[in-house]
Amino acid sequence: MQRVVIVTGANSGIGLALCERLLTEDSQLRLCLACRNTQRAEAARSALLTSHTNAHVDLLHLDVGSVQSVFTAAQEVKARYSRIDFLYLNAGIMPNPQVDVKAFFKGLFSRNVINMFATAEGLLTQQDRLNSDGLQEVFATNLFGHFLLIRELEPLLCQAGHTSRIVWTSSSNARRSAFSIEDMQHRNGTEPYSSSKYASDTLSLALNRHKNNQGLFSAVICPGLVMTNLTYGILPSFFWTLIMPIMWLHWLFLQKSESLDPRAKYHSLTSGLGTNYTQPRKMDIDDEMSEVLYSKLLDLERVVRGEANEGNAANKLINST
Ligand SMILES: NC(=O)C1=CN([C@@H]2O[C@H](COP(=O)(O)OP(=O)(O)OC[C@H]3O[C@@H](n4cnc5c(N)ncnc54)[C@H](OP(=O)(O)O)[C@@H]3O)[C@@H](O)[C@H]2O)C=CC1
Ligand SMILES: CC(C)CCC[C@@H](C)[C@H]1CC[C@H]2C3=C(CC[C@]12C)[C@@]1(C)CCC(=O)C[C@@H]1CC3
């Protein structure tokens, strides 16, 4: 049977590379690129069709950071497909990143140096803002829009006798201490990216608890450090070329076998011999917090559904979450 795969943020970077790989693995796929920028999406589709001439590649307009766009896109998906096999939640932003150069040099000579290179702990801050729905933009894009999408697509994802999978592109930058359940949108901090990625790790756990019995499974992956528009937004490309030898040395890890554990994040790594492999690592998440986050997201969903139906001002949202 032809498998249906949807990838958000598929027009560049990791999303586009993933699509290439998926078509190489299964040329019969029905692949849907869910992107906010139509021009870039069309360019990505053409590039994919150049290397996979007979592939079936659809385009879907989706701005995952806009509640209305998620609802409209989900309607379109339900009209086009009768089920979804894989939903890759990959779209993500890190707006206005700032590197703390002083902390970097201090970290270089500390015992924390390996961890610093792996996770950017203490090095990176961002400037977030409110979007037109009245939500923090990073939370809305990296987490909540995807949550709404899952909720809207449940009829296609939870079907009797069929297994569907959700795969979140998380990050090694996801950190418990950057996330607060009292401030899940990260209105008050300077690490919205880290917070949103930790929230997606935690949400994945809750999704597994609530949806496994309906045939829906969620997993979290960590792509490591990849040169994309996102990383070029942190430092210019010549800088990356300069520090690449240090970064490369850092990614020397031992290979381990893979098992799909709901509490593990699947890290994509490269060995000293240049072999790519995946290593599951336990996430710092817990059931209780994942349950609270899940119910808070459901509350927020009720609010935005009310907002979407009534077309009210965004201010209500800000006060109620
Ligand atoms: N690069 C890295 O080292 C790492 C990246 N990641 C994660 O990988 C994912 C992909 O990022 P990466 O490939 O690096 O960066 P890119 O900037 O190349 O890709 C991000 C993709 O997300 C899309 N996107 C952003 N905002 C929205 C939105 N509101 N609606 C729909 N699509 C949107 C972008 O589309 P558009 O062209 O319209 O902006 C783009 O296609 C992200 O979730 C990121 O956090 C995780 C760990 C490391
Ligand atoms: C001379 C210096 C100013 C060099 C600073 C190096 C840092 C820019 C990088 C060290 C670890 C990197 C890292 C990321 C960004 C760049 C670093 C902070 C990510 C946060 C990028 C996006 C992710 O999701 C995870 C990455 C972890 C490591």
Side-chain angles (χ1 to χ4, degrees), residues 6-19 33-44 60-70 73 88-95 97-108 112-126 131-133 135 137-146 148-149 167-175 178 191-194 196-198 200-201 220-236 238-244 246-247 250-251 265-268:
I6 300 180
V7 180
T8 71
N11 64 20
S12 69
I14 294 167
L16 181 55
L18 166 69
C19 291
L33 317 184
C35 307
R36 67 174 163 181
N37 183 312
T38 314
Q39 237 181 335
R40 282 201 283 263
E42 273 163 7
L60 174 75
H61 184 261
L62 168 65
D63 178 346
V64 83
S66 152
V67 168
Q68 194 49 58
S69 173
V70 173
Y88 284 93
L89 302 175
N90 167 76
I93 54 167
M94 183 194 274
Q98 303 287 322
V99 180
D100 186 337
V101 181
K102 230 165 123 185
F104 174 78
F105 283 108
K106 210 169 150 204
L108 260 190
N112 198 33
V113 59
I114 302 273
N115 185 51
M116 179 183 84
F117 274 113
T119 66
E121 185 175 346
L123 287 188
L124 266 187
T125 56
Q126 302 90 33
N131 69 9
S132 55
D133 292 318
L135 300 169
E137 195 179 21
V138 176
F139 164 84
T141 308
N142 296 2
L143 185 82
F144 188 60
H146 284 133
L148 276 187
L149 187 64
V167 183
W168 297 84
T169 310
S170 182
S171 164
S172 57
N173 192 236
R175 224 178 51 256
E191 294 178 283
Y193 181 84
S194 184
S196 71
K197 293 295 177 182
Y198 182 79
S200 66
D201 294 354
V220 177
I221 64 105
C222 174
L225 182 61
V226 189
M227 294 307 109
T228 64
N229 293 337
L230 186 143
T231 33
Y232 292 136
I234 302 172
L235 289 173
F238 77 89
F239 223 98
W240 286 110
T241 316
L242 273 182
I243 66 166
M244 228 356 113
I246 316 177
M247 298 305 295
H250 165 70
W251 303 116
K265 183 180 290 189
Y266 290 84
H267 289 249
S268 165

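Residue numbers start at 1 and run along the sequence shown. Whatever order the structure lists them in is the order used to number ligands and atoms, beginning at 1.
For ligand 1 and Asn229, the ligand atoms under 4.0 Å from any heavy atom of the residue are 17 (O), 18 (O). Counting the atoms of ligand 1 from 1 in the order shown, those under 4.0 Å from a heavy atom of Asp63 are 28 (C), 29 (N), 30 (N). When each atom of ligand 1 is checked for a heavy atom of Asn37 under 4.0 Å away, the hits are 38 (O). Below 4.0 Å from some heavy atom of Leu225 lie the following atoms of ligand 1, by number and element: 3 (O). In the vicinity of Ala118, heavy-atom distances shorter than 4.0 Å reach the ligand 2 atoms 27 (C), 28 (C).
Heavy-atom distances between Cys222 and ligand 2 stay at or above 4.0 Å for every pair.
Only the side chain of Ile93 comes within contact range of ligand 1, with a heavy atom under 4.0 Å; no backbone atom does. Only the side chain of Ser172 comes within 4.0 Å of ligand 2, counting heavy atoms alone; its backbone N, CA, C and O stay farther away. Contacts between Asn173 and ligand 1, counted as non-hydrogen atom pairs separated by less than 4.0 Å, are absent for every part of the residue. With a heavy-atom cut-off of 4.0 Å, Met227 does not touch ligand 1 at all. When non-hydrogen atoms are compared, ligand 1 lies under 4.0 Å from the side chain of Pro223 (C-beta onward) but not from its backbone.
Taking any N or O of Thr141, backbone or side chain, none lies under 3.5 Å from an N or O belonging to ligand 1. Among the atoms of Gly15, none of the N or O lies under 3.5 angstrom from an N or O of ligand 1. For ligand 1, the polar-atom distance check finds no N/O of Thr231 at less than 3.5 Å from any of the ligand's N/O atoms. Between Cys35 and ligand 1, a contact under 3.5 Å exists for no N or O pair.
The option from Gly224, Ser170, Ser171 that lies nearest to atom 48 (C) of ligand 1, judged by heavy atoms, is Gly224. Nearest-heavy-atom check against atom 17 (C) of ligand 2 across Phe117, Phe104, Trp240, Tyr193 picks out Trp240. Among Gly92, Ser268, Gly13, the residue whose heavy atom sits closest to atom 20 (C) of ligand 1 is Gly92.
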